[in-house]
Structures are given as C-alpha cells and as structure tokens.
> 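One structure follows; several queries about it will come next.
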Amino acid sequence: MTAELVRGQNHPLPDTRLEIRVSAGHPVVAGATLCDEQGRLGGAEWIAHPGSPSLPGVEVSQQAAADHRLAVDLEALPPVVHRVSVLLALPVGVGGPSRFGGLAAPFVAVTGLDGTEIASYTITGLDRESAVVALELYRRQGAWKVRAMGQGYEGGLAAMLGDQGMERPAELAASILDAVARGLARSVSAPPPRVPDAERVRRTAPVAADHQVDQQDAPPPTADGPIDYAHPRRQAPPEPAPAPAPAGYPTPVAGDASGWSMDERLYNQVWGMFEDLARTTAAYRSACDFAESRLDQELDRALADPRSRIGGAGDAAREAARAKHDELTARAQEALDRDLAQLAAESEVVEPALPAAFARWDNPVWHAYRVPMEVPMALRVGDLHLPERTDLRIPMLVRLPLERGLWVDSGRGRSEAAGLLDEVELRRLAMDTAVAHAARLLAVYPAGEFTVHVIDPAGSGAASLAPLVEAGVLAGPPAAGAAGVSAVLAQLTERVDLIQMAMRAGAPDALPPGMDTAEQLLVVHDFPHGFDDRAVTQLRYLADEGPAVGVHLLMVADREDAAAYGPVLDPLWRSLLRITPVPDDHLADPWVGHAWTYEPPTFPPGSGVLRRVLSQVADARRQWGR
C-alpha cells in the first residue's frame with residue numbers, strides 16, 4: 001500500500017533500485033545531491049543536474065520539464081554516501097510563474113522499477129520559494145528510508161545549493177540554468193539489470209505497515225521562541241533483555257553508523273536517533289493538526305447547510321466527520337508508536353555501549369574508568385526527550401573542544417520544576433550541575449591537558465565544590481572576594497592575549513616558559529556578585545575570544561541578578577549554551593523547532609562514582625607532574 005507522506009514523515013524502502021517521479025504542472029529543473037552521514041556535500045562532483053546528469057547510482061534529466069523520472073540505484077552509490085536529496089527548481093527564461101506559490105503543489109512519488117508506488121508526497125505550503133528540497137533518501141542502520149522534506153528557498157537554486165554546503169553556489173546555479181537554456185535533453189532510463197551475486201548480503205528493511213495520513217494541505221509544524229539547539233558541526237545499567245525491534249525493522253546494533261572508530265560511529269548513531277525522533281514526532285503532530293483542521297472544516301460545512309442543521313442528516317454528517325478524524329489520528333498514532341518502539345529498542349542497545357564521555361553517571365562503564373590517553377570527540381551534557389514519550393531519552397552530546405561556553409541557569413525562568421523549589425535549593429542544584437560538568441571534563445581529558453579554575457566570590461558554593469577541592473584537581477583554591485575575582489580573570493585574560501599574539505605572529509610555540517598549555521575551564525559561581533565593571537568586561541572577553549585559544553567558560557548565574565547591567569550583557573548570555581539544573585523544555589532542534597525537555601546529569605543516590613573518578617584524575621595528574 002502506498003504511503004502518502006506529510007512533511008517530515010519517513011517510510012522504509014523495500015528495494016534499492018527505484019524511480020522518483022515528479023509531476024509539477026509546469027517545467028521545473030530536477031537534480032540530486034549526494035551527502036555523507038553528517039549531511040555534508042563533497043563538492044560539485046556530488047551533484048547530479050542537467051549539466052552533469054549521471055553520477056554513480058543516480059541519473060537525472062538534462063532538461064526542464066513538467067514531469068520527470070529520476071533513476072536511483074542505492075547499492076551503486078559510493079559507500080560514503082548516506083543521503084540523496086531530490087531538488088526541484090524553477091528555471092529562468094521559460095516563462096510562467098517565478099515562484100512555486102503560483103503553481104499547483106508539486107507531486108513526487110518513489111516507485112519500484114515496475115511502476116509500483118511506494119511512497120508519495122504533495123509539496124504544499126510553498127509561496128515565494130523558487131527552489132525546494134522535495135525528498136531525502138537516507139541510510140539508517142543499514143536500511144534505506146525516504147523522508148518528505150518540502151524545504152523551500154526564496155533565493156532559488158543558488159540559495160539551495162549554498163545550504164547544501166556547496167562553495168560558490170551562484171556559479172554552479174548559473175551553469176545549471178545555462179545547460180537548461182541550451183536545451184540539452186535526454187530521457188532517463190532505469191538502472192540496467194544487475195547480475196545477482198550469491199555472495200552479497202543485502203540488508204534492506206521490508207515494507208512496514210501503512211504509514212500514510214490522508215491529507216490535502218498539512219502545514220509544517222512550528223514552535224515559538226525556543227533557544228536553538230543546533231549541531232555544532234560536526235548509562236543506565238542494561239536491562240536483562242533489550243526490547244525486540246518492531247516487526248518490519250532491522251534489529252538495532254550499537255555502532256551501526258559510519259565512522260573511523262567505534263566512538264565516532266556511536267556519536268553519529270546518537271545524532272541519527274535525535275534526528276529521527278524529531279522528524280517522526282513532527283510528522284505525527286502535523287497529521288493530528290491536519291485531522292483537527294479537517295474536522296473543523298467539515299463541521300463548518302455541515303452547519304452552513306440549512307438542510308443539515310436539524311434532523312438525522314446533520315447528525316450523520318457530524319458523526320462521519322468525527323469518525324474520519326478519529327481514523328486519521330489513530331493511523332498517525334499507530335505510525336508514531338511503531339517508530340518510537342524502534343527508537344526505544346535502538347536506545348536500549350546503544351546506551352550500554354557508550355564510552356564514558358557519552359555515558360550517564362549510572363553507566364557501569366564508570367566503574368572501569370581509567371584516565372584516557374586522548375581527548376574524545378564529544379561530551380554528554382544531559383539528556384533530551386519529547387512529551388510523546390518521556391522515557392525515550394536521547395543523549396545530548398556536544399563536540400570537544402567546546403566551541404561555546406555553558407551557562408547553568410540558577411533562576412526560575414518558565415520552568416515548572418524550578419518554580420517548585422525555593423531559591424536556595426535551586427542555586428545549590430545549579431552549582432551541583434556545574435560541578436558534574438567540570439568533573440566530567442576533567443575525567444575525559446588526558447592527564448595534564450585540562451585545568452579548572454573556580455571563582456566563588458562569597459564562598460556560597462563550598463559544599464558543592466567539596467569533591468573537586470578535596471580531590472585536589474583544581475588549579476588552586478576557589479577565588480573569593482573582589483581581589484580573587486580580579487586575579488583569576490587577569491591571569492586568563494593575559495593567557496588569551498599571549499596565545500593570540502603568538503598565533504598572529506605565526507609562532508604558536510613562542511609562549512613564555514612554564515605557561516600552562518592545557519585547555520582551561522573557568523567556573524564562575526554567583527555572578528555578578530564580586531564583579532565590577534572591569535571584571536564584567538574581562539568575562540565577556542573570555543566568553544568571546546577564549547574558546548578559540550582553549551579557554552572555556554562555565555557560568556552559574558541567574559540572568560535576573562545581572563539585570564542592573566541592562567542589555568550590555570545580552571551578548572554574553574547569547575554566546576553561552578543555556579542548560580538548567582532541573583528539567584526544562586527550552587531547547588529546540590534545528591529542523592522543525594520542537595521544544596525539547598533537557599534533563600541535567602545526575603549521580604545515582606548514594607553513589608561514590610564522582611569521588612572515585614576524581615581520585616583517579618588526581619593520581620594521574622600527580623604522576624604526569626613528576
């Protein structure tokens with residue numbers, strides 16, 4: 001059965017040799033880009049377009065046309081390719097509308113070589129856009145899926161290619177449109193028959209149950225006002241038996257993603273789980289919104305007809321509308337439950353396999369902890385979940401070295417959880433959270449390659465800082481009072497200045513003898529207490545310039561406490577990644593803008609894991625310093 005997709009929804013592909021059919025009602029240019037698992041485009045040679053219509057595994061038309069057939073052989077793609085994006089653009093100089101909003105909604109369908117339709121998508125909601133990413137074919141756990149995208153670009157083909165990561169996109173867009181204008185045309189044939197290979201093991205997912213949602217014009221989901229949680233570029237003990245994968249899906253395998261090492265494969269797999277959860281939830285919410293809109297429209301029509309306002313005809317019309325609404329939402333819920341069950345099964349396999357840097361504090365991997373010999377690629381700073389399934393937690397990983405500082409918000413904000421705590425308890429939890437982050441950073445860096453400084457002007461964070469102080473892993477005692485604040489800030493500011501001067505002079509090794517070359521972390525508690533105007537300026541300087549030269553900031557503060565400084569500190573807050581000591585739904589994904597609930601890292605009750613880890617870090621530092 002054909003799956004009629006809405007924006008963001010995905011569907012398994014039963015085979016790897018496919019056709020993609022486009023019907024736009026007006027001449028359009030069709031193309032495809034090949035990207036790696038992180039969505040990076042390798043260059044112009046990874047783009048199939050009218051001027052270069054054939055790539056390994058992909059062939060497109062050389063002309064603008066109202067209807068297209070794109071041939072795709074996923075097994076013939078280079079191994080590094082994990083995503084194929086299907087692009088549509090309005091050509092220049094062929095007459096007619098210059099934006100998709102002036103046309104009927106384009107229709108795209110993925111079919112087998114025999115013409116059997118697998119999935120279809122009507123691209124609605126376009127207005128001033130003249131180019132659109134229609135579909136995405138992507139590899140997930142060894143199997144291929146199709147996702148409805150519908151991402152439009154007002155800037156046309158050049159803007160779309162630029163967003164795909166193409167250098168000098170305007171030049172390539174001009175060459176494509178020039179090829180279209182020259183009228184180079186050739187029909188696209190299906191991939192030639194492949195010789196069966198008895199040695200080949202093809203891991204493709206069978207067709208899942210019907211994933212369709214009846215729809216005519218489902219608007220894309222939106223979210224208001226969240227802080228963008230964008231990718232910066234780049235454990236609980238296992239249950240006795242992991243949950244089985246839903247029927248029709250491959251069995252989850254930890255590390256089933258691309259990468260040169262197991263850590264990189266796990267990192268990419270976690271990122272893929274985050275993306276899949278965002279998009280499948282967006283599809284569900286969009287389908288439910290459409291069902292509600294359709295119900296309202298049908299009830300309005302029934303009320304507008306005088307003949308159906310009274311009597312059995314009106315009751316029957318209203319009952320039929322509600323029955324259709326219930327059917328649509330039930331089908332959307334079924335699809336969501338199926339996808340969430342698959343992600344939960346994958347999570348139960350992946351979580352126990354995570355290395356210490358990616359793992360929760362209750363993961364047994366910490367009981368076998370040893371100080372590493374090299375810096376990991378990322379660090380876990382908490383968990384993320386959506387209300388559709390709160391027990392499905394996705395690790396929140398940030399790349400190392402940190403590209404932006406962290407801000408543990410000790411204020412109430414809009415959080416219900418924070419509103420239930422008194423001010424003293426909330427501030428204590430915020431400092432505990434900061435200590436957990438600092439301890440993890442110390443634990444994942446090799447001995448001597450990470451140094452932590454603490455500013456605690458009033459000494460109010462002494463209880464939380466006790467594990468770090470007692471283990472002897474800090475660069476010195478927490479700085480107190482205005483004099484202590486000034487001394488630490490002056491030391492780190494000078495360090496940033498010296499390294500910047502050495503780099504500008506082209507002599508990065510020309511640093512003063514005895515200078516600590518390790519990455520530096522400054523933990524600031526109870527800001528702005530103890531800070532004068534000069535100290536505030538230095539702090540802003542460290543937040544802006546420090547990360548590029550290995551000086552990082554971890555703030556524990558309530559923004560309202562610094563309100564007296566007015567907007568002068570707004571750039572400081574914006575430069576930091578805000579996290580909270582209690583669950584809070586202030587983070588958003590970069591695709592559909594869901595409000596994700598952030599869960600801070602916590603230690604198991606009564607656990608001594610923090611002191612054991614810090615003890616090993618301290619021992620390794622002493623051995624390194626000899």
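Numbering of residues begins at 1 and proceeds along the displayed sequence. All values below were derived from every heavy atom in this structure, side-chain atoms included, with hydrogens, water molecules and symmetry-related copies excluded.
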> Using a strict cut-off of less than 4.0 Å between a Lys/Arg side-chain nitrogen and an Asp/Glu carboxylate oxygen, indicate whether Arg380 and Glu351 qualify as a salt bridge.
yes
> Heavy-atom distance under 4.5 Å between the side chains of Leu492 and His453, does that happen here?
yes
> Please check if any side-chain donor atom of Asp456 sits under 3.5 Å from a side-chain acceptor atom of His525, or the reverse.
yes
> Using the ring pair (Phe, Tyr, Trp, His ring centres under 6.0 Å) criterion, which residues pair with Tyr541? Sequence neighbours excluded.
none
> Applying side-chain contact (heavy atoms from CB on, under 4.5 Å), can you list everything that pairs with Ser486, at least two apart in sequence or on another chain?
none
> Taking side-chain contact (heavy atoms from CB on, under 4.5 Å) as the test, write out the residues that go with Pro547, two or more places apart.
His552
> Is any NZ, NE, NH1 or NH2 atom of the basic residue among Arg621 and Glu449 found under 4.0 Å from an Asp or Glu carboxylate oxygen of the other?
no
> Look only at the side chain of Ser261 and the backbone of Glu264, and say whether a donor-acceptor pair between them is shorter than 3.5 Å.
yes
> Mark yes or no for whether Gln520, through its side chain, and Gly550, through its backbone, hold a donor-acceptor pair below 3.5 Å.
no
> Between Asp526 and Arg427, is there a salt bridge with N-O shorter than 4.0 Å?
yes
> Under the side-chain contact (heavy atoms from CB on, under 4.5 Å) test, which residues partner Ser347, sequence neighbours left out?
Met273, Leu392
> With no hydrogens and no angle check, do the side chains of Asp163 and Tyr153 hold a donor and an acceptor under 3.5 Å apart?
yes
> Are the side chain of Glu129 and the backbone N or O of Asp127 linked by a donor-acceptor pair below 3.5 Å?
yes
> Using a 4.5 Å cut-off on heavy atoms from C-beta on, say whether the side chain of Tyr284 contacts that of Leu386.
no
> Do Val132 and Met149 have side chains that get closer than 4.5 Å, going by heavy atoms?
no
> Among all residues two or more places apart in sequence or in another chain, which pass the ring pair (Phe, Tyr, Trp, His ring centres under 6.0 Å) test with Tyr445?
Phe450
> Judged by modelled atom types alone, do Arg612 and His367 share a side-chain donor-acceptor pair under 3.5 Å?
yes
> Run the side-chain hydrogen bond (donor to acceptor under 3.5 Å, both in side chains) test against Glu560 and tell me which residues pass, sequence neighbours left out.
none
> Pairing donors with acceptors under 3.5 angstrom, does anything connect the side chains of Asp339 and Thr280?
yes
> Partners of Phe531 by ring pair (Phe, Tyr, Trp, His ring centres under 6.0 Å), sequence neighbours excluded?
Phe527
> Quick one about Ser464 and Asp432 (side-chain donor to acceptor, distance below 3.5 Å, no hydrogens or angles considered), yes or no?
yes
> Of all residues at least two apart in sequence or in a different chain, which pass the side-chain hydrogen bond (donor to acceptor under 3.5 Å, both in side chains) check with Arg389?
Asp391
> Among all residues two or more places apart in sequence or in another chain, which pass the side-chain hydrogen bond (donor to acceptor under 3.5 Å, both in side chains) test with Asp532?
none
> Charged N to carboxylate O under 4.0 angstrom, Arg147 versus Asp276?
yes
> Among pairs that include at least one residue of residues 467-492, which meet salt bridge (Lys or Arg N to Asp or Glu O under 4.0 Å), considering only residues two or more places apart or in two chains?
Glu470-Arg611
> Quick check on side chain to side chain contact (heavy atoms under 4.5 Å, CB included): which of Leu474, Val435, Leu441 does Val452 satisfy it with?
Leu474
> With a 4.0 Å cut-off on N to O distance, would you call Glu275 and Arg83 a salt bridge?
yes
> For residues Val551 and Leu522, determine if any side-chain heavy atom of one lies less than 4.5 Å from a side-chain heavy atom of the other.
no
> Answer with yes or no whether the side chains of Tyr138 and Asn10 bring together a donor and an acceptor at under 3.5 Å.
yes
> Asp533: which residues meet the side-chain contact (heavy atoms from CB on, under 4.5 Å) condition with it, sequence neighbours left out?
Tyr565
> Could you tell me whether the side chains of Gln269 and Glu346 share a donor-acceptor contact shorter than 3.5 Å?
yes
> Check whether His594 reaches the backbone of Ala278 with its side chain - one donor and one acceptor, N or O, closer than 3.5 Å.
yes
> May I ask you to establish whether Arg440 and Trp361 are in a cation-pi arrangement, using a distance under 6.0 Å from NZ or CZ to the six-membered ring centre and at most 45° from the ring axis?
yes
> With a 4.5 Å heavy-atom cut-off, do Arg412 and Leu426 have their side chains touching?
yes
> Report the residues that fulfil side-chain hydrogen bond (donor to acceptor under 3.5 Å, both in side chains) with Glu494, sequence neighbours left out, ordered by chain and then residue number.
none
> Verify side-chain contact (heavy atoms from CB on, under 4.5 Å) between Leu400 and Val444, making sure each step is shown before the conclusion.
CA-CA 10 Å; Leu400 291 178; Val444 303; 4.1 Å; yes
